[in-house]
Number of protein chains: 2
Amino acid sequence: MTDGLPHTLRSDALDNRERILDAARALFSADGLDVPMREIARRAGVGPATLYRHFPTKQVLATEAFADQLRACRTIVDDGCADPDPWRGLCLVIEKICELHARDRGFSEAFMAAFPGAPEVGGREYTVKAVAGLAQRAKDAGRLRSDFVLDDLILVLMANKGIHTRSADTQVMASRRFAALAIQAFEASPQHTPLPPAARLTAAAPDNSV
Amino acid sequence: MTDGLPHTLRSDALDNRERILDAARALFSADGLDVPMREIARRAGVGPATLYRHFPTKQVLATEAFADQLRACRTIVDDGCADPDPWRGLCLVIEKICELHARDRGFSEAFMAAFPGAPEVGGREYTVKAVAGLAQRAKDAGRLRSDFVLDDLILVLMANKGIHTRSADTQVMASRRFAALAIQAFEASPQHTPLPPAARLTAAAPDNSV
DNA sequence: ACGCTAACGGACGCCCCCGTCCGTTTAGGT
DNA sequence: ACCTAAACGGACGGGGGCGTCCGTTAGCGT
């Protein structure tokens, strides 16, 4: 994008680049973002210098490595918004995003780490607005509790990140059940008692009114 | 307890011991269990050797440092069990434990880390059984959903641990709201749809039947 | 007041991670 | 086939945490 470099990478360089990204994806997914850069290099079968040449910082590497997941996120949100039943759409979004995070620990960390500071990763602003709209429609339809706030969704995602288990399968299972519980909590109900005030989790979101 | 040492510590040793525990409590609470041992020593105004002499491993230090919180935990559970209304008792337990964990990040980590492996910390077995009984009574009273499992409570506590914010106040606020949502999810309701199967979170708990 | 010993803490060696430099290899154009 | 520059990776110095050793300090009993 912003590189004034010779636009054609040498074939071996391109190959290494891909292998590095593969290794990064594998390790980030399994072990989170805290894996040493060298570990990634080792797994990719390259030297540390090569790794740093391609991706000067871990942030850059992570961003590239999670491009797919970010796209998946947007697709999930778009699908949810496209659903004629806004409540069903919102439920799908919650379930799918939770599962995505459960399957990929590194992405989960990166995704949530991006929230306090708002450096606008990959059209987040737009996506957040879309979800806000979806939630509003679900409220209007009387299916989503009226005191729901967008921060509640972030709260649930943060919480979902806290669920760690040894096996990946167990992780997904636990996360699924958690998402289902969250949805039950969000569903409008005649019996629900007032919630304690929501905490502001986003640093400087323009409106968390919905 | 198990020390065959000269039962009288020298006055300065005792003093240092207390200062170390204070420092550990402060740092563990604020920053979690990952603080370097040396940082604790520095804060306590002692050398590293002194720290290691008193507490040979971080595990030992943490256990001692969190004795109060562990007692608080048991008190909370006992109070909850003593409540004539089992549902109200269970709600209190959830709220209080979540708040405890929110106020003390280190304790939260230590507490949950103890779960997969079951080295029986401080009468955990007994407490777990007590909560199980409370939950069963809440179910019998028709207030707790019948497909609730004890692992769901652990799930919620794990999830609660995932909630991190910058300020401690915000943390408690967020955790409070989260606990309220969890309670709503657990409450029996005519409209609730079946949950996906619960994942086994405890390593070898004898019965998670409740 | 004195001495004995418990208790202290500075300093050491170890290991792991970080980011960079520079001599070597190799792709790809002629 | 050859040459050039792009690309590689081993190796280095720096920093920080870990757990331990040992020479020094100071509590406490006489």
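Predicted model only: the values in this text are computed from it and were never measured. Throughout, protein chains are lettered first and strands after them, A, B, ... in sequence-line order, and every chain is numbered starting at 1.
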Worksheet item: Between atom CE in M37(A) and atom C1' in dG15(D), what is the gap in whole Å?
Response: 18 Å

Worksheet, complete the sentence: Sequence neighbours excluded, the answer for ring pair (Phe, Tyr, Trp, His ring centres under 6.0 Å) partners of F178(A) is none

Fill in: Test of ring centre spacing under 6.0 Å for F66(A) and F111(A)
no

Worksheet entry | Candidates V77(A), L153(A), L150(A) - the one meeting side chain to side chain contact (heavy atoms under 4.5 Å, CB included) with V128(A) | L150(A)

Discussion item. Just the rounded figure in Å: distance from C1' of dG19(D) to CD of Q59(B).
Written reply: 17 Å

Worksheet item: Do you see a donor-acceptor pair shorter than 3.5 Å between the side chains of T63(A) and Q59(A)?
Response: yes

Fill in: Distance in angstrom units between D15(B) CG and dA7(C) C1', rounded
13 Å

Worksheet item: So does H54(B) get a side-chain nitrogen or oxygen closer than 4.0 Å to the phosphate oxygens (OP1/OP2) of dA7(C)?
Response: no

Worksheet item: Between dG9(D) atom C1' and I20(A) atom CD1, what is the distance in whole Å?
Response: 12 Å

Worksheet entry | Any T50(B) side-chain N or O less than 4.0 Å from OP1/OP2 of dA7(C) | no

Worksheet item: Which residue, P48(A) or N16(A), contacts DNA chain D at a nucleotide closer to its 5' end, judged by nearest heavy atom?
Response: N16(A)

Practice prompt. Quick one, give me the B/S/- string for nucleotides 22-30 of chain D, reading 5' to 3', where B means a protein heavy atom under 4.0 Å from the base and S means that only happens at the primed atoms, P, OP1 or OP2.
Written response: -----SS--

Practice prompt. For the side chain of Y52(B), starting at C-beta, report the closest nucleotide among dA7(C), dT20(D), dG17(D).
Written response: dT20(D)

Worksheet item: Using a distance-only test with no angle check, is there a side-chain donor-acceptor pair under 3.5 angstrom linking S29(A) and D104(A)?
Response: yes

Worksheet entry | Whole-Å distance separating the CD1 atom of I40(B) from the P atom of dG19(D) | 11 Å

Worksheet item: How close or far is atom P of dA7(C) from atom CZ of F55(B), stated in whole angstroms?
Response: 13 Å

Fill in: Backbone of T170(B) reached by a side-chain donor or acceptor of S167(B) within 3.5 Å
yes

